[in-house]
Amino acid sequence: MSDYIPQEIEKKWQARWEAEGLYHADIDERRPKHYALTMLPYPSGDLHIGHWYAMTPSDARARFMRMNGFNVMFPIGFDAFGLPAENAAIKDGVHPMKRTYQNIERMRQQLRSMGAMWDWRRESVSCDPEYYKWTEWFFIQLYKKGLAYRKLSPVDFCPHCNTTLAREQVWGEDRHCERCETPVIKKDLSQWFFKTTSYAHELLHYVGMDWPERVKTLQTNWIGRSEGAIVTFKTEGGGSFEIFTTRPDTLWGATFMVLSPEHPLVEKITTPERKADVEAYKAQAARQSDIDREAADKEKTGVFTGGYALNPVNNEKIPIWIADYVLMTYGTGAIMAVPAHDERDFAFARKFGIEVRVVIQPQDMDALDGTTMPASVPAHGTMVNSGPLTGTSADDAFHAAVGFITEKGFGKGAVNYKLRDWLISRQRYWGAPIPMIHCEKCGWNPVPEEELPVLLPEDVEWRPTGESPLKLHPTWKQVRCPSCGGEAERETDTMDTFMCSSWYHLRYLSPKYTQGPFDPKEYNYWMPVDTYTGGIEHANMHLIYTRFFHKALRDMGITEGPEPMLQLRNQGMVLGEDHEKMSKSRGNVIPPDELVAHYGADAVRAFLMFFARWDLGAPWNSSGIDGTFRWLRRVWTLVNEPSGMGDCSADTRRMLRRRVHQMLRRITRDFREFEFNTIVSGLMELLNEMNKAKEAGAYATPEWNEAVDIYLRMLAPVCPHIAEELWTQTGRRYSVHTQSWPQVDEDAAREMEIVIPVQVNGKLRERLTVALDAADDLVKEMALASPLVQKYLEGNAPKKVIYVKGKLVNIVI
RNA sequence: GGGGCGGUGGCGGAAUUGGCAGACGCUGCGGACUUAAAAUCCGCCGGUGGAGACACCGUGUGGGUUCGACCCCCACCCGCCCUACCA
């Protein structure tokens, strides 16, 4: 018998599978399809153990589905644009394109070492011009549909480097530039947005989606729907502004108004004597707005503008303040403050000596007094001091108030979302160009579709400041206006990489297709994605963007159906052995290449599935993998090492079949439910059982041959190489991966006798072995008759005897 | 402050969802084989008491529901992740 040398067999089989196209996925109308998708990697240059952790169980699951009769497509690609390559270029001058393609080539080799069932013909790389051509095309479709627009929006900006900074380039408490340490400022830039908010309502409905509850909850909270009202307040000076409130019923309790410091009205209403204070506050808020968000229970600050609003319900004069706790980005950027019933408003009112007026009296409290109450009270109870609403219960007051303000014409019911429109402009080089042209005369126009893609120029200059090379390029941005033919300029911003990853699952369908982003024939067969796997950290960004994208395209007739991905499953994270997140600086990174070289891919795959619950993740344990490797070596020996066909009882053989089919049932269920760790432990358990049977002389019996057959099929998705090797070595027909999943023989799996635990007052005292179909009364009788039970009964009759069929007996005394 | 996830032996975890807590694996200890080591194989391994059969305790803490709770309910403690004044 030869030794188990994974390095030899793994290379051999990978080469053969590749040569024969074993994993090619082609349209086949006779078989049900299964589109298994795993989130595509960013080509950082090295495959991380985290990639293995995410991808090998996904691969195993895809293989399982294939063995269950599905035509499975399992594609792979690279999310290849992005900041890291550009930063590296600024440092060492290597062009991002060159570096990215080198990294991709290296990662392809590393990915191939996994032995996964990827159909490499479908590989898509988002920085390939034939890919980003269509990213640009999608931008134009969204623009034409009115879903893309321009708006001024603040960015973090380094005045010294003259460049925009990404969040990760802003360092430290004082928010300085990572390169030159200059304090960062906010700068308003005109940028492109997608109207994700137009789909906010629909995104809250998870139609037909088998997604984890916690992802749905995360998305729901992120979208943040609240029901309330928009109310218009006139100002004393004759202008007006709108506020959003979730409690229109407390309108009578509003004693001041607060505008966000950036609110456009601030300038108009500020009185001359308050101007200096207001300007100072605005300047400070602009500089600090992001810094102090970290301080949750920060002291409330604000200044009075000198202006007044008129409360539409009673024409009372209400002072208008500005404060940084009101955000321009949420609601209307203005609020009415009801200090008696809102914690923040209360703190503000007390600090600045503003009136507190009670409008809701809770049932279980003494009559409230606004001048003395020590804290705001929850707005549940009976309306007081509220004009026509006085006496209404607060439960009905909301609708009564909306009715009242609608009737009087100064407001209406409204729904507001936390979700904001998607800012897609990046002042960067290494991204898909935004295919828009600006003409002094004609304004913005898309690049004509026949001129796509707008290619990134390759002859670019890398300034150490990080300024966008597209801006600096001498000729690239000069074009003719598509409308009037006059001189015009290209947009020099590129797109957020989330744009590329919003549709990669569509490019996989037909990566070489030139007539459109994807071949409709392929779409009709493969879409939607049946199983999507990836990290939970994408719940609020990528997974919302891709859903938005799909729905927007659907409304243009490009895609079909309510959702792009039917089923989602998330993996957890592999931490370092020190229980910390893996990072180069901590020195706790586990290099997968070394593990594969030492143990082989199969052992690494199996260990990653075994050592933690997949959705939770766990710290790495470097000695644990020895156990998994030992297991595979024992499998090798079990199957390969001949043994005498001993004097084997029918019982032994029946028991072997029983164990095999019971385990098959368990493992089949675990594959369905993504419970990979118990798949491997189940296989280990069954190996132990088979070893016992072998020792008892079961080797080479029909039952033994069936056991090996089923064992190798169950092993195949987890450890594809060793399973293939043993499958063919035992004279079975290539390939194990095209075999069907074995069927459970329920008769064989059935236990003839079962062990029933007997409890006395819930404590285990005895175990009975009874026939599977033993009558209830018989089991109870046997339990009561047991000497161990008798001891506790002390001659008395039991109070109660509970028998849960086939499970246990509990005797209450 | 809000939201999410979790807390079970020395360690990673299991318990098919209210029914034998600790499967499987790692580590450790003891033994066989060996001149020796490695590899392999066998045995033990939650705590306390006991020679032992066995008894008692035990799933973060305190209560509750139940014949019965790691699992359900209430209150709290701790850890990790996301988010940040959301009107």
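Note that these values count all heavy atoms, side chains included, but never hydrogens, waters or copies made by symmetry.
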Exercise for the section: Step through it carefully: locate the ring centre of A:Phe348, locate the ring centre of A:Phe256, and say whether they are under 6.0 Å apart. Expected result: yes
Exercise for the section: Could you give the distance separating B:A51 and B:C72 at their P atoms, to the nearest angstrom? Expected result: 42 Å
Exercise for the section: Please check if any side-chain donor atom of A:Ser226 sits under 3.5 Å from a side-chain acceptor atom of A:Asn416, or the reverse. Expected result: no
Practice task
Check every strand shown and say whether A:Val326 touches a base, only sugar-phosphate, or nothing at a heavy-atom separation below 4.0 Å.
Solution key: base
Exercise for the section: Using only side-chain N and O atoms of A:Ser226, determine if any of them is under 4.0 Å from OP1 or OP2 of B:A87. Expected result: yes
Practice task
Check whether any side-chain N or O of A:Arg420 sits under 4.0 Å from OP1 or OP2 of B:C86, and answer yes or no.
Solution key: no
Exercise for the section: Using only heavy-atom distances, determine whether the side chains of A:Asn540 and A:Tyr545 contain a donor-acceptor pair under 3.5 Å. Expected result: no
Practice task
Looking only at side-chain atoms of A:Asn540, point me to the closest of B:G12, B:C82, B:A87.
Solution key: B:C82
Practice task
Would you indicate what A:Gly535 reaches in the nucleic acid, counting non-hydrogen atoms under 4.0 angstrom: base, sugar-phosphate, or nothing?
Solution key: nothing
Practice task
May I ask you to say what A:Val804 touches in the nucleic acid, namely base, sugar-phosphate or nothing, with a heavy-atom cut-off under 4.0 Å?
Solution key: base
Practice task
Identify whether any heavy atom of A:Asp342 sits under 4.0 Å from a base atom; if not, whether one sits that close to sugar-phosphate; answer base, sugar-phosphate or nothing.
Solution key: nothing
Exercise for the section: Tell me what A:Lys800 touches on the nucleic acid: a base, only sugar-phosphate, or nothing, going by heavy atoms under 4.0 Å. Expected result: sugar-phosphate
Problem - Out of B:G19, B:C85, B:C11, whichever nucleotide has its closest atom nearest the side chain of A:Leu327 - result: B:C85
Fill in the blank from the handout: Pairing string of RNA chain B (Watson-Crick or G-U wobble, both atom distances under 3.5 Å; | = paired to other strand) is (((((((..(((......[....))).(((((.......))))).((((....))))..(((((..]....))))))))))))....
Handout entry: Euclidean distance for P, B:U16 against B:C20 (whole angstrom)
Key = 9 Å
Practice task
Give a yes/no answer on whether the side chain of A:Arg630 brings an N or O atom under 4.0 Å of OP1 or OP2 in B:G25.
Solution key: no
Handout entry: Side-chain H-bond candidate by donor/acceptor type, A:Trp741 with A:Thr668, under 3.5 Å
Key = yes
Handout entry: Rounded distance in Å - CH2 (A:Trp222) to P (B:C82)
Key = 12 Å
Exercise for the section: Choose from B:A87, B:C20, B:C67 the nucleotide whose nearest atom is closest to any side-chain atom of A:Thr245. Expected result: B:A87
Practice task
Check whether any side-chain N or O of A:Thr546 sits under 3.5 Å from a backbone N or O of A:His542 as a donor-acceptor pair, and report yes or no.
Solution key: no
Problem - Whole-Å distance separating the OH atom of A:Tyr599 from the P atom of B:C26 - result: 12 Å
Practice task
Whole angstrom is fine here: how far is it from CG in A:Asn677 over to C1' in B:A15?
Solution key: 12 Å
Handout entry: Sugar-phosphate, base or nothing in reach of A:Arg767, heavy atoms under 4.0 Å
Key = base
Handout entry: Atom P, compared across B:U65 and B:C80: separation rounded to whole Å
Key = 35 Å
Practice task
Provide the distance between the two P atoms, one in B:C33 and one in B:A38, to the nearest whole Å.
Solution key: 15 Å
Exercise for the section: Ignoring backbone atoms, establish whether A:Asn810 has a side-chain N or O less than 4.0 Å from OP1 or OP2 of B:C20. Expected result: no
Practice task
Rounded off to whole Å, could you give me the CZ-to-P distance for the A:Phe607 and B:U27 pair?
Solution key: 11 Å
Practice task
Would you tell me whether A:Ser623 and A:Asn621 have side-chain atoms, one donor and one acceptor, within less than 3.5 Å of each other?
Solution key: yes
Exercise for the section: Please work out if A:Phe611 contacts a base, only the sugar-phosphate, or nothing of the nucleic acid, heavy-atom cut-off 4.0 Å. Expected result: sugar-phosphate
Practice task
Provide the distance between the two C1' atoms, one in B:A15 and one in B:C70, to the nearest whole Å.
Solution key: 9 Å
Problem - Phosphate OP1/OP2 of B:C41: any A:Arg634 side-chain N/O under 4.0 Å - result: yes
Completion exercise
Ranking A:Asn761 and A:Thr628 by the position along RNA chain B of their nearest nucleotide, the one closer to 5' is A:Thr628
Handout entry: Residue A:Leu616, side-chain heavy atoms: nucleotide from B:C26, B:G6, B:A87 that is nearest
Key = B:G6
Exercise for the section: For A:Val755 and for A:Val812, locate the closest nucleotide of RNA chain B by heavy-atom distance; then report the residue assigned to the nucleotide nearer the 5' terminus. Expected result: A:Val755
Practice task
Compare side-chain N and O positions of A:Lys763 against OP1 and OP2 of B:C57 and report whether any pair is under 4.0 Å apart.
Solution key: yes
Exercise for the section: Please measure how far the P atom in B:U66 lies from the corresponding atom in B:U17, and state the result in whole Å. Expected result: 23 Å
Handout entry: Side-chain donor-acceptor contact under 3.5 Å, A:Tyr330 with A:Ser260
Key = no
Completion exercise
Separation of B:C67 atom P from A:Lys805 atom NZ, nearest Å, is 22 Å
Practice task
Scan A:Gln759 against the nucleic acid and name what it touches under 4.0 Å (heavy atoms): base, sugar-phosphate only, or nothing.
Solution key: base
Fill in the blank from the handout: Here the distance between atom P of B:U16 and atom CZ of A:Arg666, to the nearest Å, is 11 Å
Practice task
Assign A:Arg633 to base, sugar-phosphate, or nothing according to its heavy-atom contacts below 4.0 angstrom with the strands shown.
Solution key: sugar-phosphate
Practice task
Give one of base, sugar-phosphate or nothing for A:Ile802, where a contact means two heavy atoms less than 4.0 Å apart.
Solution key: base
Practice task
Rounded to the nearest angstrom, tell me the gap between atom CG in A:Leu575 and atom C1' in B:C81.
Solution key: 11 Å
Handout entry: Within 6.0 angstrom of A:Glu355 CD, more than 12 heavy atoms from elsewhere
Key = yes
Practice task
Determine the interatomic distance between C1' on B:U48 and the same-named atom on B:G13; round to the nearest Å.
Solution key: 26 Å
Practice task
Can you tell me, in whole Å, how much space there is between the P of B:C73 and that of B:G6?
Solution key: 13 Å
Exercise for the section: Return yes if a side-chain donor-acceptor contact under 3.5 Å exists between A:Arg665 and A:Gln662, otherwise no. Expected result: no
Exercise for the section: Tell me yes or no: between the side chains of A:Gln759 and A:Glu766, is some donor less than 3.5 Å from an acceptor? Expected result: no
Completion exercise
Rounded to whole Å, CD1 of A:Ile544 lies from P of B:C82 at a distance of 17 Å
Handout entry: Short side-chain N/O contact from A:Arg765 to OP1 or OP2 of B:A55, under 4.0 Å
Key = yes
